Each structure stands twice: as structure tokens, then as C-alpha cells.
Protein chains: 2
Amino acid sequence: MELSERKKKILQHVVDDYIETAVPVSSKSLTERHLSNISSATVRNELSALEELGYLTQLHTSSGRVPSAEAYKLYVSDLMVKNKLSDKELDYIKKVFLEKADNLEEVIKNTTKVISELTSLTSVGVVSPDVGEKIKVIKFFRYKPDTALVLIVTERRLLKDNYISVPETMTDEQLVEAETVLSKLCAERSFEEVCNIKDDISSEFSGYKNIFLNLVEALKVYMTVKESDVVLEGEDKILNHPEYADINKIRNFLSVVTQKDKVMTLLSGDGRDIKINVKIGTDGYEEIPDDCSLVTATYSANGVKIGTYGVIGPIRMDYQKVVAVLENVGKILESILTNR
Amino acid sequence: MELSERKKKILQHVVDDYIETAVPVSSKSLTERHLSNISSATVRNELSALEELGYLTQLHTSSGRVPSAEAYKLYVSDLMVKNKLSDKELDYIKKVFLEKADNLEEVIKNTTKVISELTSLTSVGVVSPDVGEKIKVIKFFRYKPDTALVLIVTERRLLKDNYISVPETMTDEQLVEAETVLSKLCAERSFEEVCNIKDDISSEFSGYKNIFLNLVEALKVYMTVKESDVVLEGEDKILNHPEYADINKIRNFLSVVTQKDKVMTLLSGDGRDIKINVKIGTDGYEEIPDDCSLVTATYSANGVKIGTYGVIGPIRMDYQKVVAVLENVGKILESILTNR
DNA sequence: AATTAGCAGTCAAACAAAAAGAGTGCTAAC
DNA sequence: GTTAGCACTCTTTTTGTTTGACTGCTAATT
């Protein structure tokens with residue numbers, strides 16, 4: 001059912017005010033602040049109707065109204081006035097991204113830092129797994145007699161956190177040889193493809209079968225999101241929100257947010273095309289406390305999805321600001337990543 | 001002034017009980033629980049004297065006694081009975097350290113995880129900077145036309161988080177050449193020494209002066225503690241302590257603990273020989289909230305200090321357990337690191 | 001001289017009752 | 001459809017009272 005214009009307007013003000021003050025919104029305050037042309041009694045009737053429709057709730061019979069999860073959803077999709085960031089904020093974003101960042105990981109870290117700073121919320125970022133990434137070069141670096149560091153250069157980043165064991169009997173020359181051969185084998189293929197050529201290794205490569213199998217294991221690690229790919233920033237920001245005055249709520253929130261694996265499943269869920277994605281309330285996601293929202297955006301370079309970033313915080317968050325920040329950061333981020 | 005045996009005993013019980021219950025300790029409870037041979041009135045006299053001496057405080061005139069920072073210090077150094085860990089706990093520690101860990105960083109992460117788990121406190125770990133470390137090999141890996149990854153193998157670890165820029169005009173062969181030459185130059189010298197040979201580069205090396213200068217910059221990064229060398233675990237554990245029921249206290253604590261640079265300065269301060277180092281209350285350390293303690297231990301391999309680890313938490317913490325955990329983890333850690 | 005019993009005094013915490021205040025819902029008039 | 005006005009509800013704040021856990025002190029005891 002479509003709401004009347006007036007209902008929409010009133011609902012918008014309720015959400016606006018509630019986000020601003022964290023106090024249940026009364027009919028009187030609405031007329032005083034925004035609706036001087038109609039009486040509080042009229043507003044009361046409308047509020048009552050909006051409650052009937054499921055957009056508002058009351059904590060008790062004689063309290064003001066609080067938006068429901070449904071109301072927030074409508075607010076974000078329809079009601080909310082899109083905000084622009086101040087010049088100061090824009091400058092801040094630009095400044096941070098001007099800093100030297102040699103690799104994707106640093107860029108993500110900067111991103112979450114900026115977002116958390118500007119929104120005063122906990123921010124999360126994750127790099128998508130490398131499943132479809134094309135490999136450019138593979139390099140082995142033996143630094144212990146039986147262990148070698150694996151370096152993998154892909155289109156977008158340099159992976160360097162994996163080790164394979166090599167036979168101590170293998171000479172350095174043989175290892176270089178293996179490197180050359182396997183690099184050739186993998187070049188221009190995606191992680192997925194490389195993992196699937198397990199069986200038909202031609203005679204040319206057969207001497208390095210063991211190393212290759214180790215390599216495949218290493219690749220697999222990068223094909224699912226790793227904990228180290230999840231970046232969190234400002235976990236403590238939640239403490240500044242009045243509705244989190246209760247220790248148990250904080251504990252609950254932190255227990256979600258400090259477990260990176262939980263955050264991973266949260267973020268990996270949405271592979272949709274929508275740029276900005278808002279999950280309000282549980283929305284069926286068990287991982288989030290039901291008074292939380294998750295607002296995320298995906299970023300891509302040259303049309304390929306690189307990762308997801310966003311904020312997680314109380315359902316009563318400043319969506320105007322959050323969306324504005326995510327959009328602006330997104331723009332800058334994409335331009336940086338595309339020009340690499 | 002030396003305390004009488006009886007005073008010591010009473011003080012010990014007060015601290016024990018207070019650590020256990022978090023409730024101010026009364027004369028009656030002391031006689032009931034531990035001192036059935038003397039009357040509560042006598043204990044009251046002793047408590048009063050101990051308060052006079054600065055070891056105990058009262059929250060208000062008719063409350064039980066709470067240990068002062070001084071009392072905790074005395075408790076840890078003199079009074080406390082050293083505890084042994086249960087077999088279960090020992091097994092747990094051993095199990096964790098049996099897991100494969102290819103590098104020092106992973107070992108530290110495991111260490112902090114174990115400590116936080118067993119003590120229910122926030123634990124911190126930091127790897128000492130590499131100032132005096134001897135370099136074994138240096139490797140450049142060009143992964144973008146103008147950027148190369150620097151790999152440095154030292155006695156204790158593989159450093160791989162630094163990039164230098166190289167002229168695009170430089171061929172891969174020249175880079176390998178530079179690598180060989182500089183590796184030779186640096187081998188068996190410490191970071192410090194390498195940084196100081198800036199001037200007298202002999203003609204043999206002079207062709208790579210620029211690269212060398214870049215390399216020195218990279219080395220310098222490892223000569224001070226970096227944020228990524230600081231590991232924190234269980235930041236949320238503080239929420240389980242009853243004296244941290246106040247949001248502001250939590251905020252205060254978390255603001256220290258989430259800023260790795262603050263933790264860095266905290267941990268880098270103590271280069272003393274003492275194995276276990278206890279800082280109770282502020283003790284002049286501005287960084288710690290004054291109702292917190294920091295208990296740390298340094299670990300070394302083959303006589304060289306490798307880093308520091310420990311716990312940070314409320315002044316009322318289970319020092320018996322903390323010390324026991326740190327000592328046991330320390331033993332295992334040193335044996336692992338020494339045998340590498 | 002050290003110990004102890006006993007008691008008065010103190011203070012926080014728990015409880016209860018009352019008052020104040022903010023809002024709504026409803027009715028009747030406009 | 002809108003609005004004024006009032007009764008009603010429920011929270012929050014205030015105030016007062018009681019209870020109980022301690023201590024400190026004094027005077028008696030060992």
C-alpha cells in the first residue's frame with residue numbers, strides 16, 4: 001500500500017528526529033519542529049495510522065514513537081534526503097587516499113579508517129577472494145632449507161603470505177627451474193583454472209608435480225576469504241551510541257565484530273549488483289544483533305568486483321551520512337584502483 | 001618498614017579474597033574464611049594499621065577494605081603463593097604451539113591467543129625492532145615496472161612488508177645484479193651497521209647507490225616498532241570484569257588498547273632484565289588508565305631479546321594465574337624459538 | 001600489653017510511596 | 001478532515017524509610 005504524501009513526510013521527520021536525538025518522537029515535537037501548519041492532534045492520528053501499518057512502535061502506551069526496521073528501510077530507499085559531504089570531509093578523504101599505498105591491503109585499510117572516522121561507526125572491509133583472478137607471475141623464495149615463500153602476482157595485487165615446503169634435497173637451481181616452469185604453466189590462467197589442471201600435467205611439468213600440488217594448496221588458501229583479508233576499524237565506536245549503554249549489548253556487538261570469521265560470512269553474502277546495500281535489523285542474518293544495521297558497498301575496478309566495504313552499527317545510525325561517505329569513498333577508490 | 005608476619009598474612013588474605021570476589025573485604029569474612037584463631041576485633045585493628053601504612057583503602061567509613069596499588073605490588077613480589085597450571089591448561093598451551101607456524105609473526109599471534117584465552121584478559125605481544133639483527137640475505141622482487149618488493153632474511157624472521165621504487169629504465173638483470181651486490185654488502189651485518197656504511201661505499205657498489213639508499217630507508221622502517229608488530233587479542237575481555245561496568249571506563253580502556261601506537265610505547269619501555277615485569281596502577285605511565293595493570297615478560301632466543309608479551313587488565317586481576325601462564329608460555333616459546 | 005566482646009555510629013543499598021511530567025487516545029466541537 | 005481539551009497511562013524523579021554490613025571505640029579480659 002502506498003502511503004499518502006503527508007504520512008511519508010511525517011514518517012521521514014520521525015526517522016530524522018529519532019536518528020538525531022535517540023529519543024522517542026512525540027506528536028508535539030513534530031509540530032513544533034517541522035509541521036507548524038497542522039496540529040499535534042492531527043499528527044497523532046497519522047502516527048497512530050503509521051503504527052497500525054507497522055512503521056512505528058511505542059515503548060509503552062504513553063511514550064513517543066520509534067521507527068521500526070521497516071521504517072528505516074523505507075527511509076533509506078525512499079524518504080531520506082541525500083546529503084552531500086562538506087568540503088572539509090571531502091578534503092579529508094582525498095588527503096588520506098593521496099598517501100602512498102603500495103598495495104591493495106593498504107588501500108583497504110585506509111578506506112576503512114576514513115569511513116570509520118567520518119561516520120563514527122565501526123567499519124569493515126574485505127577483499128574478495130581471488131577465485132577468478134588471472135595469475136601473472138609466480139615466484140618461490142627459499143628462505144629456510146625446507147621452506148619457501150610463495151609470491152603470486154595477480155592483476156590486482158601481490159600475494160605473499162603463503163609458504164610451501166620443499167624437499168631439502170632440492171637445489172636452488174632446481175627451485176628456480178620449478179618456478180619458471182610453473183609460472184609458465186599458471187600464467188594467464190585464473191586460480192580456479194590452475195586448480196583444475198591437476199590431472200593433465202603434461203610431461204614437461206611432471207618433474208615438479210609435488211611442488212605443483214603444494215602450490216595448488218597455497219592457491220586454495222586465497223580462493224576463500226581469509227581472516228587477514230577482513231579489515232575492521234573503530235570497533236570501539238559503538239560505545240558512543242546511547243542505545244549501547246548496556247554492557248550486554250556491547251558484549252554482544254563486540255563478540256560479532258571481533259570475530260573476523262563472522263564478519264566474513266556477513267560480507268560475503270551479498271554479491272548483488274546494487275551499489276549500496278543496506279541490511280537493517282536482522283533481516284534473517286543471524287550473525288547481526290537485531291538492533292544493528294549493515295550498510296555496504298562493493299567496489300570494482302575495470303568492471304571486476306574487488307571487494308566490499310561498509311559500516312556496521314546500531315539500527316539508529318545516520319544513514320544520510322553513511323550513504324554519502326560510502327558513495328564518495330567509492331568514487332575515489334574506484335578511480336585509484338582503475339588507474340593502477 | 002617491615003610488616004609483621006601477621007600483617008603480611010592478613011594483607012595476603014585481603015588481596016586474595018578481593019581478587020576472588022571483587023567485594024571489599026571485611027574483618028568478619030577474614031576471620032571466618034582464614035583466621036579462625038583470632039577475633040574479628042583484632043583483625044580490625046590490624047586492618048586499621050595496614051590502612052595507615054597505605055596498603056588498604058576504604059570506599060566509605062563503614063565499608064570493608066580494598067587493596068591499594070602498593071598492596072598489589074607487595075602481593076606480587078612477596079605475598080602471593082605461586083600457582084601451578086592444571087594439566088589441562090598445560091596441555092592446551094602445548095597443543096596450540098604444536099600447530100604449524102611458518103614464521104615469527106604467527107608464533108606471536110598464537111602466543112597472545114593462548115594468553116588471552118587462559119587469563120581471560122586482553123593480551124598484547126610485540127616483536128622487538130630489528131636494530132641489532134644480522135642480515136642474511138636480501139632479495140628484490142619487481143612486481144610493477146617501478147616498484148619492487150624487498151625481502152630481508154634475518155636470523156629470526158623473514159621481513160617482507162616493504163617496497164622500494166626502482167627506476168623503470170633499470171632492466172631485470174640489473175636489478176638482480178643490484179640484489180647480489182647489496183646482499184653481499186649487507187650480509188652478516190646488522191641493520192644498524194648497514195645504515196651506517198652510507199658514506200664509504202666502495203667503487204664496487206657505487207653503481208647501486210640509489211637503490212642502496214632506498215634499501216636503507218626500508219631497513220629503517222624495521223628498526224622501530226611498527227604497528228603491525230603489535231598483536232592484540234581479546235580486547236573485549238575487559239567487559240567481563242565487574243569493575244568495568246561503567247561505559248566510560250570501558251571507553252577509556254579500549255581507547256588505549258585499540259591504539260596500537262599507545263600499546264607500542266607501553267611495551268617498548270621496559271628493557272630490563274627481569275623476566276616478569278609488573279606495572280600496577282599508573283606507576284607514572286600516563287598511557288595506562290590508573291586502575292589497570294600491565295604484566296609483561298620478555299622472551300628471547302639464544303640469549304637475544306626477541307620481544308615482549310603480556311596482559312593488560314584491571315588492577316584487580318588474578319596475578320597468580322597470570323604469572324603462571326606467562327612463565328609457562330615463556331618456557332615453551334623459548335624452546336620453540338631456540339630450536340628454529 | 002595484646003586480645004576480645006560488645007555496642008554505638010556510619011553509610012550504602014534496597015525498598016516503597018508519592019509527585020511530576022510527558023504523551024497518547026478519545027470525544028465532541030468546528 | 002481537523003482540532004481543542006481532557007482523562008488516563010506509564011515512566012522518571014524525588015523523597016523518605018528501613019535494613020544490614022561494617023567499622024571504631026571502650027572497657028573488660030587474658
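Letters A, B, ... mirror the listed sequences (proteins, then strands); counts begin at 1. What you see is a predicted model, and the numbers here were worked out from it, not measured in a lab.
- Under the 3.5 Å distance criterion, the side-chain polar atoms of N328(B) are matched with a main-chain donor or acceptor of A324(B).
- For dT3(C), one of the phosphate oxygens OP1 or OP2 lies less than 4.0 angstrom from a side-chain nitrogen or oxygen of R6(B).
- Between S48(B) and L59(A), the residue whose closest nucleotide on DNA chain D is further toward the 5' end is L59(A).
- I238(B) meets the side-chain contact (heavy atoms from CB on, under 4.5 Å) test with Y244(B), F253(B), P314(B); sequence neighbours excluded.
- A search for side-chain contact (heavy atoms from CB on, under 4.5 Å) contacts involving K28(A) returns S26(A), E32(A), not counting sequence neighbours.
- In terms of position on DNA chain C, the residue among T61(B) and Q58(A) whose nearest nucleotide sits closer to the 5' end is T61(B).
- The interatomic distance linking E46(B) (CD) with dT3(C) (C1') rounds to 11 Å, in whole Å.
- For the contact set between residues 18-37 of chain B and DNA chain D, defined by any heavy atom under 4.0 Å, the members are S26(B), S27(B).
- At whole-Å resolution of the value, CG in L47(B) and P in dT4(C) are 14 Å apart.
- Applying the salt bridge (Lys or Arg N to Asp or Glu O under 4.0 Å) test to K88(A) and every residue at least two apart in sequence or in another chain returns nothing.
- Pairs of residues two or more places apart, or lying in two chains, that qualify as ring-ring contact (aromatic ring centres under 6.0 Å, His included) and include a residue from residues 12-41 of chain A are H13(A)-H34(A).
- For DNA chain D, the outermost nucleotides in 5' to 3' order that have an atom under 4.0 Å from a heavy atom of chain A are dT2(D) to dT11(D).
- Legend: residues meeting salt bridge (Lys or Arg N to Asp or Glu O under 4.0 Å) with K260(A), ordered by chain and number and at least two apart, are absent.
- Salt bridge status for K8(A) with E2(A): present, with a side-chain N to carboxylate O gap under 4.0 Å.
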List the atom pairs, donor and acceptor, that lie under 3.5 Å between side-chain atoms in residues 43-53 of chain B and the rest of the protein, sequence neighbours left out.
unit_1	atom_1	unit_2	atom_2	d
R44(B)	NH1	S27(B)	OG	3.2
E46(B)	OE1	K7(B)	NZ	3.1
E46(B)	OE2	R6(B)	NE	2.8
E46(B)	OE2	R6(B)	NH2	3.1
E51(B)	OE1	R65(B)	NE	3.0
E51(B)	OE1	R65(B)	NH2	2.8

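- Look at R44(B) and you won't find any side-chain N or O under 4.0 angstrom from OP1 or OP2 of dG6(C).
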Can you give me the N/O atom pairs linking the protein to nucleotides 15-21 of chain C at distances under 3.5 Å, or say none if there are none?
none

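- For D236(B), there are no salt bridge (Lys or Arg N to Asp or Glu O under 4.0 Å) partners, not counting sequence neighbours.
- Among residues two or more places apart in sequence or in another chain, the salt bridge (Lys or Arg N to Asp or Glu O under 4.0 Å) test is passed with E235(A) by none.
- Remark: E117(A) engages Y92(A) in a side-chain contact (heavy atoms from CB on, under 4.5 Å) (not counting sequence neighbours).
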